[in-house]
Undergrad: 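I have a structure I would like to understand better, so I am pasting it below and will then ask my questions one at a time.
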Amino acid sequence: MKKDKIRNIGIMAHIDAGKTTLTERILFYSGRSHRLGEVDDGSAIMDWMDEERRRGITITSACTTCSWKGYEINIIDTPGHIDFVAEVERTLRVLDAAIAVFCGVAGVQPQSEAVWNQAERYDIPRISFVNKLDRVGADFFEVINSMKEKFGDEVVPLQIPIGSEADFRGVVDIVRLKSYIWNTDIMGAQFDEESVPDDLIETALSLREQLLEKIVEYDEHLMEKYLEGAVLDEAEIMSLIRKATIDTHLFPVFCGSALKNKGIQPLFDAVIEYLPSPEDLPPLQGSNKKGQTTSRPQRDDAPYTALVFKIYTDMERRRLSYLRIYSGTIKAGQKVYNQNNDLFERIDFLYKMHANKRERIEEASTGEIVATTGLRNTITGDTLAERNFPIILLPMHFPEPVISIAIEPKTIHEGKKLREILDLLAFEDPTFQVKEDPDTGQTILWGMGELHLEVLIHRLKKDFKLEVNTGKPQVSYRESVRESVVEEAKYVKLIAGQNQRGHVVLRIEPTERGQGATFKSQIRKTTIPDNMIKAIEETILSLFPSGIQLGYPVVDLKVTLVDGSYSETESSEFGFRAATTQAFHQGCLKAQPVLLEPVVRVEIVSPEDYLGEIIADLNLRNAEIRNISTKKKMKIIEAFLPLAAMFGYATDLRSISQGRATYSMLLSHYAEVKQASLEK
């Protein structure tokens with residue numbers, strides 16, 4: 001397959017926006033599957049895990065490949081729930097482009113905004129699909145306005161809907177100035193091409209003119225032609241859209257209803273027409289062993305380079321590693337070199353994946369996304385590349401877990417098995433951590449939320465046949481300080497007949513929320529030698545995770561070495577470490593230590609009848625209500641709450657609203673624990 005005939009795309013959105021339903025339609029119309037899978041009845045091909053089908057949501061990113069008009073499309077369907085943010089992060093890291101799906105009723109929801117910003121971080125070209133336009137309350141232009149408000153004027157519609165809600169029947173293509181009307185009797189496989197309806201022609205021409213004004217700057221010749229009043233033809237306009245989209249200066253928007261089988265084929269045409277192939281991408285950027293920037297052309301004739309972006313362990317404990325190949329060719333049975341760990345691994349088998357089904361292949365080359373068995377010491381984020389052509393690709397960044405539970409096996413003899421399986425699960429999921437409580441001896445599991453931990457516990461029980469007991473979820477707190485202090489500490493002690501001496505002066509001060517904890521030295525090297533400053537820095541960095549008073553990690557704190565003294569005959573590394581520890585603890589206690597807790601941004605959509613009860617319940621949870629707005633007949637409440645107050649909220653909200661209200665939440669920031677909660 002020629003590289004210009006390959007597209008690597010992801011489907012991303014807020015939970016319940018219709019990502020998986022859209023993917024199922026793409027697979028059906030491309031001939032990859034022969035039935036329309038549905039999320040609601042558990043028949044979706046891409047939601048293959050038992051928990052996904054039981055809950056009706058996507059939990060793990062699933063890969064598949066299909067063909068469309070002679071092009072090979074690699075698709076990854078990602079989760080929309082905040083608890084599975086790592087799946088979206090590692091997927092976006094290896095994709096060339098993405099389709100962002102938005103609900104035609106709800107518009108830009110919190111997680112929609114979050115995944116869009118994740119894509120921004122990797123500078124990924126995007127097209128958008130406004131879905132569910134057949135639903136009551138759907139409003140395409142209101143969604144466009146919301147997108148422009150949050151993402152900028154680069155958001156530009158290339159289609160507009162024909163009809164709305166129950167009368168939605170097709171779309172107008174403003175580039176071709178044609179209408180596409182779907183026949184719902186034949187599952188959306190065929191549609192009629194017609195002229196633009198009279199009541200929409202003025203809107204279509206106006207949007208077309210706005211589009212041209214935005215994109216003509218991408219070609220001087222076409223700009224001159226446009227400014228001279230000449231008419232640009234369809235191919236010229238599409239070439240400009242493609243350039244602007246690949247440069248992320250334009251985000252085209254399409255529309256339809258995946259559930260009603262309308263609007264899918266033109267969207268998939270747009271994937272081919274406007275999104276990049278591996279040939280459109282610049283040379284791969286990374287670093288060598290010395291940390292120097294290096295690059296690699298993304299071609300088959302270059303040395304092989306691949307990134308391991310996902311690991312999955314099945315119930316037989318067989319490890320499947322997912323690779324994006326950026327250059328060269330990798331074959332089954334080949335030895336490959338792990339640049340991060342400096343060791344050789346062997347590729348046993350290579351597979352093209354279709355959700356959880358495997359199709360064995362003999363080799364894979366530039367631009368392909370495949371899975372392999374045999375990599376036993378390679379983890380998520382590792383680079384595989386020829387030993388003599390070293391390159392380490394840019395790492396992925398995963399958030400720290402925020403919720404924990406205690407776990408223990410129901411029988412003592414299963415303790416070793418439990419630990420082995422937990423280690424396997426932690427190996428595949430960077431946001432899942434397993435720790436031992438040194439005081440109680442308990443095993444503590446850390447994750448991104450209640451649902452994240454529930455799914456992992458379910459896997460232990462169903463996939464690995466382990467019965468366990470679990471405690472109640474606990475929130476991950478942090479510690480910091482309010483005031484700035486300067487603390488001096490001297491350590492002088494005779495140990496084993498030798499003086500151990502250290503003398504430091506530290507300035508301890510708070511920083512803005514979200515800045516982390518840092519160390520800096522401001523003294524001259526003549527005052528304290530480099531090797532001792534290094535020992536002081538190592539000590540400070542080792543003290544940050546252990547807390548100030550309650551043992552929670554320290555954040556938003558800056559420690560500066562401002563003074564000290566050194567004696568060639570008496571000063572020692574041990575003495576400086578001891579003095580540093582003493583100054584840090586004493587200084588933090590004087591700087592008014594505070595406890596911080598994770599705060600989430602919550603958006604609740606409810607009928608007006610239940611507004612009073614919902615707000616009363618939020619007030620009991622110490623919520624800070626920021627805004628209450630009206631959309632159609634629904635009330636939208638935006639609030640910030642402590643994460644600890646959200647445990648069990650789904651059940652309570654369902655009870656208050658008789659199941660008619662919905663909510664979504666997104667981790668926002670850490671804030672001081674209020675006095676009432678602190679005493680509790």
Side-chain angles (χ1 to χ4, degrees), residues 287 290-291 340 379 381 392 394-402 404 426 430-431 433-439 444 446 476-491 500-525 527-566 571-596 598 669-670:
S287 60
K290 296 179 181 178
N340 299 77
I379 62 173
I392 297 177
L394 299 175
M396 302 179 215
H397 298 286
F398 299 104
E400 286 293 314
V402 294
S404 68
T431 58
Q433 296 177 9
V434 183
K435 298 179 181 178
E436 298 291 332
D437 188 319
D439 298 323
I444 308 296
W446 287 90
S476 171
Y477 292 93
R478 300 285 188 266
E479 294 188 69
S480 192
V481 298
R482 284 200 192 99
E483 303 293 332
S484 177
V485 300
V486 175
E487 184 68 20
E488 180 179 16
K490 293 180 179 178
Y491 182 87
Q500 304 286 343
R501 182 182 181 278
H503 173 215
V504 298
V505 181
L506 303 179
R507 182 169 65 243
I508 297 167
E509 55 193 323
T511 60
E512 291 184 12
R513 292 286 173 256
Q515 296 298 305
T518 59
F519 170 82
K520 185 179 179 182
S521 174
Q522 283 186 347
I523 65 171
R524 295 178 179 177
K525 295 176 183 178
T527 307
I528 299 177
D530 277 348
N531 62 325
M532 296 302 170
I533 293 176
K534 182 70 174 173
I536 293 168
E537 180 179 8
E538 288 175 355
T539 304
I540 292 293
L541 296 179
S542 70
L543 291 169
F544 287 149
S546 57
I548 299 170
Q549 288 180 304
L550 302 173
Y552 295 109
V554 177
V555 296
D556 306 334
L557 183 78
K558 182 180 178 182
V559 178
T560 307
L561 177 62
V562 294
D563 203 358
S565 62
Y566 176 78
S571 293
S572 65
E573 183 178 313
F574 179 85
F576 274 105
R577 290 183 182 275
T580 301
T581 302
Q582 187 177 324
F584 178 81
H585 284 304
Q586 290 177 353
C588 286
L589 290 174
K590 292 177 183 177
Q592 296 191 28
V594 294
L595 187 65
L596 306 177
H669 61 280
Y670 276 81

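For the numbers below, each heavy atom of this structure counts, side chains included, while hydrogens, waters and symmetry mates do not.
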Undergrad: So how far is it from Leu543 CG to Cys588 SG, rounded to the nearest 0.5 Å?
TA: 8.5 Å
Undergrad: Kindly compute the distance separating CZ (Arg478) from CG (Asp556), expressed to the nearest 0.5 Å.
TA: 10.0 Å
Undergrad: Restricting to non-hydrogen atoms, name the atom on Ile548 and the atom on Pro593 that form the minimum distance, rounded to 0.1 Å.
TA: CG2-CB, 4.0 Å
Undergrad: Show the numbers, then the answer: is there a side-chain contact (heavy atoms from CB on, under 4.5 Å) between Glu509 and Thr560?
TA: CA-CA 9 Å; Glu509 55 193 323; Thr560 307; 4.0 Å; yes
Undergrad: Which distance, rounded to the nearest 0.5 Å, do you find between the CD of Gln500 and the CD of Glu573?
TA: 10.0 Å
Undergrad: Check Leu596 against Arg513 and note the closest heavy-atom contact, atom names and distance.
TA: CD2-NH2, 3.5 Å
Undergrad: Does a side-chain heavy-atom distance below 4.5 Å link Leu561 with Phe519?
TA: yes
Undergrad: Determine the minimum heavy-atom distance between Ser546 and Ser542, stating which atoms define it.
TA: OG-O, 4.2 Å
Undergrad: Can you find a heavy atom in the side chain of Tyr670 that is under 4.5 Å from one in the side chain of Ser476?
TA: yes
Undergrad: I'd like to check Ser565 versus Lys490 (side-chain heavy atoms, cut-off strictly below 4.5 Å). Are they in contact?
TA: no
Undergrad: With distance as the sole test, does Glu479 use its side chain to make a donor-acceptor pair with the main-chain N or O of Tyr552 at under 3.5 Å?
TA: yes
Undergrad: Please round to the nearest 0.5 Å and tell me the distance separating atom CZ of Arg501 and atom CZ of Phe576.
TA: 7.0 Å
Undergrad: Between Glu512 and Gln515, which heavy-atom pair has the shortest distance, and what is it?
TA: O-CG, 2.9 Å
Undergrad: So which atom in Ala583 and which in Val504 form the shortest heavy-atom distance, rounded to 0.1 Å?
TA: CB-CG2, 4.1 Å
Undergrad: Between the side chain of Ser480 and the main-chain N/O of Val555, is any donor-acceptor distance below 3.5 Å?
TA: yes
Undergrad: Taking C-beta and beyond as the side chain, do Gln549 and Leu589 meet within less than 4.5 Å on heavy atoms?
TA: yes
Undergrad: Answer whether the closest heavy-atom distance between the side chains of Thr539 and Phe584 falls below 4.5 Å.
TA: no
Undergrad: Flag the pair Val559 / Phe544 as yes when at least one side-chain heavy-atom distance between them is below 4.5 Å, and no otherwise.
TA: yes
Undergrad: Checking Arg577 against Glu538 for the salt bridge (charged side-chain N to carboxylate O under 4.0 Å, His left out) test, could you report, in this order, the C-alpha distance in whole Å, the side-chain angles of both residues, the deciding distance, and whether it holds?
TA: CA-CA 9 Å; Arg577 290 183 182 275; Glu538 288 175 355; 2.7 Å; yes
Undergrad: In Å, rounded to the nearest 0.5 Å, how long is the span from CD1 of Ile523 to OH of Tyr566?
TA: 12.5 Å
Undergrad: Out of curiosity, Ser521 OG to Ile540 CD1, how far, rounded to the nearest 0.5 Å?
TA: 11.0 Å
Undergrad: Quick one, Glu487 and Gln586 - any side-chain contact, counting heavy atoms below 4.5 Å?
TA: yes
Undergrad: Can you check whether Thr431 reaches Pro401 side chain to side chain, under 4.5 Å on heavy atoms?
TA: no
